[in-house]
Protein chains: 4
Amino acid sequence: MEGPAFMLNPGPASASPQTLRALSTPVTYHNDPFFIERFRRAQDRLAQILETQHDVVLMQGECMLGLEAAARSLVWPGMRCLNLASGIYGKGMGMWLRSFGAEVIEIEVPFRDVVDPADVRRAFDEHPGISLVTVVHSETPCGTLTAVEEIGPIAKEHGALTLVDAASTLGGVPLRPDEWKLDVCVGASQKCLGAPAGISLMTVSDDAWGAMRANPDAPRASILSLLDWKELWLEQGKFPLTPSISDMYGVDAAFGEVLEIGVPRYFGRHERAAAACRAGIAAMGLELFPRSADIASPCVTAIALPDEIDDLQLCGHVRERYGVVLGDSEGAGKIVRIGHMGIAARSFEPVVGLSALGRGLMDFGVEVSLGDGLEAAAMAVGEAALETVQAPSV
Amino acid sequence: MEGPAFMLNPGPASASPQTLRALSTPVTYHNDPFFIERFRRAQDRLAQILETQHDVVLMQGECMLGLEAAARSLVWPGMRCLNLASGIYGKGMGMWLRSFGAEVIEIEVPFRDVVDPADVRRAFDEHPGISLVTVVHSETPCGTLTAVEEIGPIAKEHGALTLVDAASTLGGVPLRPDEWKLDVCVGASQKCLGAPAGISLMTVSDDAWGAMRANPDAPRASILSLLDWKELWLEQGKFPLTPSISDMYGVDAAFGEVLEIGVPRYFGRHERAAAACRAGIAAMGLELFPRSADIASPCVTAIALPDEIDDLQLCGHVRERYGVVLGDSEGAGKIVRIGHMGIAARSFEPVVGLSALGRGLMDFGVEVSLGDGLEAAAMAVGEAALETVQAPSV
Amino acid sequence: MEGPAFMLNPGPASASPQTLRALSTPVTYHNDPFFIERFRRAQDRLAQILETQHDVVLMQGECMLGLEAAARSLVWPGMRCLNLASGIYGKGMGMWLRSFGAEVIEIEVPFRDVVDPADVRRAFDEHPGISLVTVVHSETPCGTLTAVEEIGPIAKEHGALTLVDAASTLGGVPLRPDEWKLDVCVGASQKCLGAPAGISLMTVSDDAWGAMRANPDAPRASILSLLDWKELWLEQGKFPLTPSISDMYGVDAAFGEVLEIGVPRYFGRHERAAAACRAGIAAMGLELFPRSADIASPCVTAIALPDEIDDLQLCGHVRERYGVVLGDSEGAGKIVRIGHMGIAARSFEPVVGLSALGRGLMDFGVEVSLGDGLEAAAMAVGEAALETVQAPSV
Amino acid sequence: MEGPAFMLNPGPASASPQTLRALSTPVTYHNDPFFIERFRRAQDRLAQILETQHDVVLMQGECMLGLEAAARSLVWPGMRCLNLASGIYGKGMGMWLRSFGAEVIEIEVPFRDVVDPADVRRAFDEHPGISLVTVVHSETPCGTLTAVEEIGPIAKEHGALTLVDAASTLGGVPLRPDEWKLDVCVGASQKCLGAPAGISLMTVSDDAWGAMRANPDAPRASILSLLDWKELWLEQGKFPLTPSISDMYGVDAAFGEVLEIGVPRYFGRHERAAAACRAGIAAMGLELFPRSADIASPCVTAIALPDEIDDLQLCGHVRERYGVVLGDSEGAGKIVRIGHMGIAARSFEPVVGLSALGRGLMDFGVEVSLGDGLEAAAMAVGEAALETVQAPSV
């Protein structure tokens with residue numbers, strides 16, 4: 001069976017050739033100086049990308065591991081938590097918090113919207129004693145972006161920690177844990193970084209470590225133990241388990257590539273690909289799923305689907321007939337998605353995504369202004385590229 | 001920094017060129033038919049290697065994840081467990097069981113020894129109501145092999161489940177879950193298979209699934225949930241999380257290579273490399289760490305070190321000066337180890353291991369009969385090779 | 001420096017991921033049975049793709065080596081040759097023939113045209129004693145395709161041999177040496193096959209071998225000796241020199257992929273990508289360089305450029321600003337080219353090529369109907385894809 | 001079929017993992033700035049390794065191409081050449097020279113010997129008008145090394161050019177074209193550098209260019225034209241043909257690795273591996289093929305075989321039974337060879353070679369002191385390693 005010709009889904013994103021080559025680096029004993037050097041280099045590189053002084057923790061498992069580990073390490077029965085739920089992942093976090101025994105206050109908004117930071121401030125006023133705010137930076141299924149840069153400082157002001165699910169944004173969208181007062185951020189390797197799946201990319205502030213240490217329920221001697229990583233690896237240089245050696249080579253290479261390209265330029269690509277895609281969507285006569293472009297995420301464009309179209313059928317058809325992977329809704333509604341992550345944020349990739357989407361919809365009988373859409377996107381890619389060339393200092 | 005020239009440590013073992021190439025397969029969306037086919041193929045191939053009809057579960061995290069997941073899924077507070085402790089990993093399992101609230105009966109023996117199946121039978125007689133036996137197939141730090149093929153049937157006879165830590169044996173040493181009545185086996189990808197680290201290779205019997213379903217404490221909606229894998233993936237074809245795509249390509253390729261070489265031939269290599277290594281050790285005037293060659297593991301040779309030699313120093317020296325990675329003791333005693341895993345079980349690899357060990361010990365002032373040792377090992381490799389050639393039907 | 005995002009030039013074409021992985025197969029001694037097997041497999045696979053019983057010769061050097069070797073092996077001073085010159089490569093062959101001392105009769109036509117087989121027949125009538133016809137299958141710089149399927153039989157009928165420069169067609173465009181009576185065909189690995197450059201892919205008929213053997217000027221003990229390959233490798237299994245081992249792994253993998261995809265389906269992709277591209281060109285208001293679509297090559301579309309546009313500047317600009325490689329004219333005139341070779345013939349690649357070309361031309365002040373062009377191409381890709389799906393038996 | 005476990009033959013040598021990964025770099029258009037940069041970098045790196053200011057020419061074909069191109073470019077009918085013949089390759093060069101019409105004066109010595117520089121001086125005295133000296137640096141089949149560092153100056157003193165076949169030494173054995181007055185040196189990529197086969201690594205002095213330009217018989221418009229490379233590539237930046245893109249990535253990476261390791265350290269490895277191997281050979285009771293260790297090559301050890309042993313049978317047996325590739329005699333006599341090239345010059349590789357050779361000979365009934373041989377070699381590796389560690393400044 002042939003693999004797809006193009007991956008325009010919102011992750012796992014295509015790895016770059018450089019990252020793929022790094023994955024085939026010979027497997028080395030994890031305590032060998034060669035590997036240790038690479039592991040440390042990866043940590044340093046991520047810190048540089050995130051402009052952070054917080055500890056970087058590379059937990060060895062997909063982003064869901066990092067999120068679960070962070071939540072279990074921070075939460076104790078009876079803890080008062082504020083959960084912001086504007087999508088599937090936010091709602092899932094609420095369920096976790098409750099299952100861990102927390103008392104959960106939830107601000108819920110429709111999936112086409114995001115939580116207003118003003119409502120967060122209000123919640124702190126109305127519910128004293130909140131110790132933790134949990135928030136999803138980009139609800140990937142909905143294509144929205146929440147203003148964590150405003151929410152972090154509000155929480156810190158009220159003495160609460162913030163746990164950010166940055167699964168799909170970390171590495172492609174600005175995220176500054178220190179400046180934005182975000183205590184724990186958890187990102188996925190396989191999204192904007194185009195690195196292999198299997199590593200949780202985390203930052204942990206001193207405040208967060210303090211809270212975990214004070215929490216008798218924080219996992220220990222477990223794959224879910226952040227404290228094990230802190231005490232064994234960060235403090236003593238001993239891995240608590242065998243890391244995923246090959247994945248680490250890949251992750252390190254992906255970080256290196258972002259730094260070589262330049263962080264602002266790399267982030268800029270994602271933003272511009274998203275802008276080009278949205279110009280195309282509008283010109284094609286389709287509708288964005290988020291209620292406004294202001295809250296749309298730079299790493300994924302969610303498009304509203306007509307009621308009669310099944311997203312899974314559409315995506316399956318487009319993959320089979322055109323060799324292009326689009327993103328289905330993950331059950332979040334009448335949605336189809338085009339990712340702007342890593343390689344898929346380069347060059348005319350958005351035009352490919354729109355070609356596939358447009359042709360696919362036509363095959364299902366939906367009328368679209370295909371030429372207008374493709375032209376608008378191609379023009380926008382052109383403008384963006386022009387800008388890139390004119391601003392070589394980024 | 002240059003990587004090592006030879007990896008003779010007992011895992012993570014060198015990946016084969018074929019497996020390394022597979023790791024650089026383009027990352028594909030995990031729900032893409034291309035990836036699904038590979039994932040399923042990997043499962044089938046592992047079932048074939050293990051000659052099992054049990055469910056194969058490829059949990060997405062290093063072997064420690066699989067072990068923790070299995071233990072947490074099976075154990076409930078107050079459950080009576082029989083833990084066999086002949087080494088570090090067996091003792092660690094006992095600690096886990098107790099921390100999960102089990103009532104643990106432990107048969108402990110010195111690290112140079114293994115638990116006698118007769119003592120297992122006696123324990124059942126003396127302690128009625130044992131629901132679970134936990135046992136480590138090969139205590140890698142000690143270089144010993146426990147007779148799980150005898151222990152499984154004893155447990156089943158008494159209505160108990162068996163959970164086997166087959167971390168270092170699975171894929172290189174015979175292990176037959178069905179025939180030996182082993183309900184849950186957990187192996188590591190990065191040992192005898194020479195596959196990338198990061199995947200737990202598990203088999204689960206129907207009895208074990210029943211026990212997990214009946215256990216209200218079994219993890220759910222967690223990275224540690226075996227039941228999620230059963231209900232979402234095995235039953236509905238939906239991944240509970242994003243699998244480690246690249247690692248899976250690597251694991252699948254490693255399985256494929258074993259099947260192409262032939263399972264008995266592949267296992268045979270490990271046994272023969274171990275025999276050659278032990279012939280060399282004896283001729284060199286060194287002593288095996290296990291009390292007898294009968295209980296020595298085919299995948300690793302543990303050698304007793306003189307009291308004045310520090311294993312970490314020795315291994316560090318050999319790596320730096322000769323470019324060879326040997327295995328330290330992992331804290332199990334005065335031990336140094338030579339692995340026989342994957343590539344390191346081929347051809348004259350044991351001679352390289354002995355050259356490095358012998359020269360290293362000489363550098364530390366230990367007298368060894370280097371030439372006798374190398375000759376004995378090279379002769380044994382020759383005999384083994386001869387045998388291989390004469391038995392083309394394996 | 002970053003490599004290009006898209007390669008839409010007419011070769012060297014992007015290698016497929018499978019071929020790239022094959023390139024990193026461990027280098028093996030060229031007389032090792034492992035390599036010999038691969039080399040022979042590559043020969044067999046190429047024979048299968050070309051449906052030929054002629055000898056397949058994989059000379060170790062870029063296509064120009066194979067062409068020079070073939071010409072030098074066949075031509076002797078005073079030999080009467082008929083050379084068909086409709087482009088740069090045809091004219092170059094004429095210069096070679098004359099420099100080797102042949103008496104050259106040349107049918108020359110403008111670069112936008114190809115030689116009519118009827119004119120070939122006429123030349124045989126007018127010039128008795130022609131021993132060799134030399135012809136270029138596709139003049140890549142001009143984007144034209146000559147009807148070698150008609151010319152071969154005419155030559156054979158008149159007792160002349162035919163030497164075909166199939167550099168850019170072999171592997172992507174139908175070419176049947178046996179059925180079409182083509183004595184020597186020389187193709188490039190790096191064009192439609194997307195294999196590494198560095199190997200000449202040749203077929204040689206018995207008649208051609210006979211002529212070479214009879215030619216005292218045929219190279220011997222030389223890198224240019226076809227007879228060395230015949231007598232040493234094909235007849236005795238001894239390589240006349242060390243082959244390019246890694247390239248051979250890559251070439252073998254590329255052949256394997258074509259066969260796995262299916263030869264008609266693989267060829268069909270090239271034809272359909274070309275059709276989609278031409279639909280787009282026309283709708284965009286641009287003009288094909290060849291005088292008629294009938295003689296346009298399926299592997300490359302040559303587009304006429306306005307006089308004021310410099311092709312090298314245009315291509316340089318498009319590469320720098322959009323990360324897309326288009327093909328310049330190679331000095332053949334006011335031409336820019338989009339390749340349809342290997343990966344670039346899949347999915348919406350032609351739309352990418354047209355986006356880059358259209359945007360690039362707009363940047364240079366040329367008016368194009370960008371949206372119409374992209375829509376026409378995307379629609380055509382859709383039709384083609386539909387056809388592919390409906391004809392699963394190809 | 002499985003590839004070999006160890007490659008101890010004198011080339012093609014195993015490529016390093018880094019080089020193998022470089023080979024899978026995406027194929028890029030050869031005139032793309034990305035590729036041009038790599039090609040130029042490769043040239044610069046080679047110049048650095050050879051400490052040369054001469055032009056570096058990377059001809060696109062195996063070393064035999066470079067040798068033929070150099071000889072044809074320099075030689076004209078009637079030219080008086082002095083050919084030094086101490087082995088197969090030297091004799092082959094003499095045949096070439098004669099076939100190109102040169103008047104050849106030959107100093108021939110038995111294969112176990114090399115030509116004495118004093119005899120070269122004498123030849124110049126006896127035969128005035130010699131314009132070219134041709135010499136093989138290391139006769140790989142015989143395992144000898146000729147003192148080109150003395151011969152170059154003698155030739156220059158007499159106004160003659162020197163053409164050096166450095167196929168197996170370039171990159172692993174000191175070779176200084178400028179200091180040693182060697183006008184044209186031709187090396188192979190696949191020997192000590194462990195790079196992919198397919199590239200001729202050449203240096204050309206101004207004197208040599210002058211002679212070629214003055215030679216009307218020098219190839220032009222041919223794969224064999226050095227002048228095309230000079231005038232098109234070196235002077236105008238235009239490739240005369242499509243280079244072997246993937247091979248160039250590999251060659252560039254191999255050069256980079258040598259420079260990263262450090263040239264003296266890299267060369268030192270070859271010398272030390274050779275010393276260890278020879279210590280082992282002597283202790284094993286076997287005899288070196290060269291008449292004296294003084295003239296033995298650092299990149300290959302040729303061992304004399306008993307009359308009753310067929311080298312091809314022995315090598316075939318060792319490959320099949322032990323997975324080790326040794327070098328046969330290439331028809332140079334009763335010889336078997338162990339290469340010390342690239343990876344095979346590291347760590348205990350010579351011990352592996354001796355294990356394979358010793359066991360293989362025993363299988364054929366030859367008595368060897370296996371243990372003594374392996375011990376001597378392992379001891380020597382140890383001394384060498386010690387030296388390496390103590391001399392970190394090299």
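Predicted, not measured: the structure shown is a model, and the values here were computed from it.
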Structural part of [X] lying under 4.5 Å from a heavy atom of chain B:
{"X": "D/Q18", "value": "neither"}
{"X": "D/M1", "value": "backbone"}
{"X": "D/A356", "value": "both"}

### Query
Should the heavy atoms of other residues, nucleotides or ligands under 6.0 Å from CD of D/E367 be counted, would the total exceed 12?
no
### Query
Looking only at heavy atoms, what is the nearest atom pair of B/F6 and D/F348, with distance?
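Between these two residues, the closest heavy atoms are CE1-N, 4.1 Å.
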### Query
Roughly how far, to the nearest 0.5 Å, is CD of B/E375 from CG of D/D372?
7.5 Å
### Query
Roughly how far apart are D/E349 CD and B/S355 OG, rounded to 0.5 Å?
11.5 Å
Find out whether [X] and [Y] are in side-chain contact, i.e. whether some heavy atom of one side chain is under 4.5 Å from a heavy atom of the other.
{"X": "B/V381", "Y": "D/R359", "value": "no"}
{"X": "B/E2", "Y": "D/E260", "value": "no"}
{"X": "D/V351", "Y": "B/V352", "value": "no"}

### Message
Between B/R321 and D/E383 (salt bridge meaning N to carboxylate O under 4.0 Å), is one present in this structure?
### Response
no
